[in-house]
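Structure record follows, encoded as structure tokens.
Letters A, B, ... are given to chains in the order of the sequence lines, protein chains preceding strands, and every chain is numbered from 1.
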Amino acid sequence: MNPYSELVKEVKAFVEELGRRLNIDLSNVPITRAQPRFGYISVPLHNVAREFKDLDKIVKEIAENFNFRYLNPPEYVNGFLNFDIEPRNYSKLVIDAVLSLGESYGRPEKPMEGLYLIEHTSANPLHPLHLGHGRNAILGDTLARLLKFCGANVRTHFYLDDCGDQVSYAALGFSLVRDLVYERIRSGRKPDHVIGIVYAVTCTVAEIQKLSRELEKLKDTSPDKYREVIAERDDLVAALAELEQKDKELVLKLIDELRKIPDIESEVKKITRLYEEGDENVKRLVREMINLVIKGFEETLTRLGITFDSWDWESEITIYSGKVYEVLRRLIERAFPYIERVGNVIVFRADKYAADMDLWDKLKLPRHLPKVTLTRSDGTTLYITRDLAYAVWCFEKFNPTLLIRVIAAEQQHPQAQIRTMLYAMGYVDWAQRLVHYAYELVNIPGVKMSGRRGRYVALDDLVDEAKRRVMSMISDRFSDPKELEKVSEAVAVGAIRYSLLSVSPNKPILFKWDKVLNLKQNSGPFIQYTYVRAKSILEKAGVLQVLSYSVPETLGPEEVELVKYIGEVPEIIQNAARDLRPDYVVEHVNKIALAFNSFYEKYPVIHAEEPYRGFRLALVLSVKRVLENVMNILGIPVLERM
RNA sequence: GGCCCCGUAGCUCAGCCCGGAUAGAGCGGCGGCCUCCUAAGCCGUAGGUCCCGGGUUCAAAUCCCGGCGGGGCCGCCA
């Protein structure tokens, strides 16, 4: 049930009748939203108006015999045909729809079909999730909630990148200070935070070691370059000092142990190689470390209301299974003329292929596409090759309608290359069903974020800080400290989710505490607060459901506005699902909250006379229902009190 | 150099896909509202060359072309 579309149907019927009368085809005229002072729905007829001078008269004539249900007869002004709702009938339609459909109000009449596989977050398991991962995770999770609400089957996957040197740095460091790490975890520290320090220290010390060797050579030969490298090394030493602030004992011990290794980098490469070969000891070590980090991830994600159906280990899916080699073979076979070899290095000329096949529009490729290096000179595969194998695996195993991968916009080239390679392998259909859901990064003013240096704002810290602020604000309202804690956490999560969702994904976010922790209008807490207000009225009135009510003769403008917004909800949700734009929903729920609060100030509900009381209770119940449905889509916790 | 994204009020952003009337929110300013359903609220007010220049159109923030400014990507890293 979609109330707004009922209005559109009625407008279309009227316009159709007009077309018949004028003997022209009006089936393609746009139906637009009117500016408020001109009604609700507006049909621009300027082209028609030039030919027919007496349009207003004809409109009037048709209106006299037209069977209006939810609309008033239109007015013809300035070349626009303007319609407004008939408030009583339309209110009844909207409120009845919400009350009868309940938790499914807002769902498209024709539910979405098919399976949507959403891969998101997929942070490297070496450090805690930070702000950027937060945007990714919240976008991915909300997309999943949105599509699920619309009736689709949805699977969420975390692609766990456990191959590559970065993992080996963390694993090497971990092996050197294993006991201290466990000690920290036992005393309550989050494992991903502890590993984050270990990883950063190991990387940094390794780089210092490398630079120091370089310096030996440069000392006498190139003084300019020498100074440059010194500066670079000083920066690394500074990063190490920063890390020491976080856990002195752990950092110093690790540095000490690392000093005993003459060449850290080659030690790391060795671990990477052995891991890919499936060496049991190395595998045990690496996975022990990764599993600790995953535990930390899950804790953070659970706080934010995010869960996964599957954790996909890159090593298992692409390497141990042999999939990546299989995929490579197929690509070479099918796209042979576009394969170049230099020694063991295999290159796919994606640029040439896309141009020859004219794939630009078909696969939505950027006009410039770099060629793809698929293997190293030692024959091992690269990340993108395994990524391609992963995409193939997803399609073979689950055959999703769409494979939506939430990945930063900076990866648009590799993602476009993967679509091109799927196409070249003969997977034409899959190539078109692979969606790179791109989002811009979150930046902190003045800070260059870097996992390798341990410079980031962890998502946990963000939630904690938000929670602290909320707690200090409401501590006097709750006598039970447990409830205070629970409410504060929920408000913090609502604030963060809302703020990261309210900006369209293709805009970079400049992170500011005050913006993310906005607790006023246009925020998560504002929505939560509005829900609590509605709930509170109903509770005080002793009304759990409204069985019957009648619509008063006249309605206030705030009441009409609310009805209109509520009636638009299914339309908004449908569009959001179609365009994969959760921010449409965010914007709309804010409108509903604003309208409800205006209504709340102006009209008494409990102490109103009948029929106002009954009608307003039904309206409040509808608002509460809609807010609840939408908050569930957005993952904003629903509170009963705050 | 090539490609992608962005440029709208002092600040953060909707609106652009699919062109319609006097361009919208929030924050921050300023001025008001708690004997009454939670003031995380409400009401009022100020604030704009929609980056610039052309073009298409009855009509352009929106579409097309050309600039300017900012971010990102163009690796035998991930």
Side-chain (A/H588) to main-chain (A/V585) donor-acceptor, under 3.5 angstrom: no

Paired with B/G1: which nucleotide, if any, by Watson-Crick or G-U wobble criteria at under 3.5 Å for both distances? B/C74

What's the shortest heavy-atom distance between A/A492 and A/V463, and which atoms? CB-O, 3.9 Å

Select base, sugar-phosphate, or nothing to describe what A/N82 touches, counting heavy atoms under 4.0 Å on all strands. base

Could you check whether A/R581 gets within reach of a base, just the sugar-phosphate, or nothing at all, counting any heavy atom under 4.0 Å? sugar-phosphate

A/Y603 and A/E559: side chain donor to acceptor below 3.5 Å: no

Contact class for A/S504 (heavy atom, under 4.0 Å): base, sugar-phosphate, or nothing? sugar-phosphate

Is A/Y159 touching bases, backbone alone, or none of the nucleic acid, heavy atoms closer than 4.0 Å? nothing

Any strand counts, and the cut-off is 3.5 Å on both contacts for Watson-Crick or G-U wobble. Which nucleotide pairs with B/U35? none

With a 3.5 Å cut-off and just heavy-atom distances, do the side chain of A/S536 and the base of B/C37 make a donor-acceptor pair? no

Select base, sugar-phosphate, or nothing to describe what A/Y529 touches, counting heavy atoms under 4.0 Å on all strands. base

If the cut-off is 4.0 Å, is A/R376 near the phosphate of B/C77, judged by side-chain N/O to OP1 or OP2? yes

May I ask you to say what A/D583 touches in the nucleic acid, namely base, sugar-phosphate or nothing, with a heavy-atom cut-off under 4.0 Å? nothing

Contact class for A/L594 (heavy atom, under 4.0 Å): base, sugar-phosphate, or nothing? sugar-phosphate

For B/U62, which nucleotide in any strand shown is its Watson-Crick or wobble partner with both distances under 3.5 Å? none

Just checking A/N344: base, sugar-phosphate only, or nothing, at a heavy-atom cut-off of under 4.0 Å? nothing

Hunt down the Watson-Crick or G-U wobble partner of B/C13, both distances under 3.5 Å, from any strand shown, or write none. B/G24

What is the nucleic acid contact for A/N506, judged by heavy atoms within less than 4.0 Å: base, sugar-phosphate only, or nothing? sugar-phosphate

Check every strand shown and say whether A/V491 touches a base, only sugar-phosphate, or nothing at a heavy-atom separation below 4.0 Å. base

So, A/R33 and A/E568, do they make that salt bridge, N to O below 4.0 Å? yes

Would you kindly check whether a donor in the side chain of A/R477 faces an acceptor in the base of B/A40, or vice versa, at under 3.5 angstrom? yes

For a quick check of understanding: with a heavy-atom distance under 4.0 Å over all strands, which category does A/T32 fall into, base, sugar-phosphate or nothing? nothing

Pairing partner of B/C30, by Watson-Crick or G-U wobble and under 3.5 Å for both distances, is B/G44

Give one of base, sugar-phosphate or nothing for A/P604, where a contact means two heavy atoms less than 4.0 Å apart. base

With sequence neighbours left out, what residues match A/Y275 under ring-ring contact (aromatic ring centres under 6.0 Å, His included)? none

For the side chain of A/R533, starting at C-beta, report the closest nucleotide among B/U38, B/C58, B/C37. B/U38

Is there, by distance only and without an angle test, a donor paired with an acceptor across the side chain of A/R641 and the base of B/U38 below 3.5 Å? no

In whole angstrom, what separates A/Y531's OH from B/A40's C1'? 17 Å

Under 4.0 Å, heavy atoms only, any strand: does A/L382 hit a base, just the sugar-phosphate, or nothing? sugar-phosphate

Among B/G20, B/A40, B/A39, the nucleotide that comes nearest once only the side chain of A/P44 is considered: B/G20

Please state whether the phosphate of B/U38, meaning OP1 or OP2, lies under 4.0 angstrom from any side-chain nitrogen or oxygen of A/K540. yes

Has the side chain of A/T530 got a donor or acceptor that lies under 3.5 Å from a partner of the other kind on the base of B/A40? no

Is it the case that A/S504 and A/D583 place a side-chain donor and acceptor less than 3.5 Å from each other? no

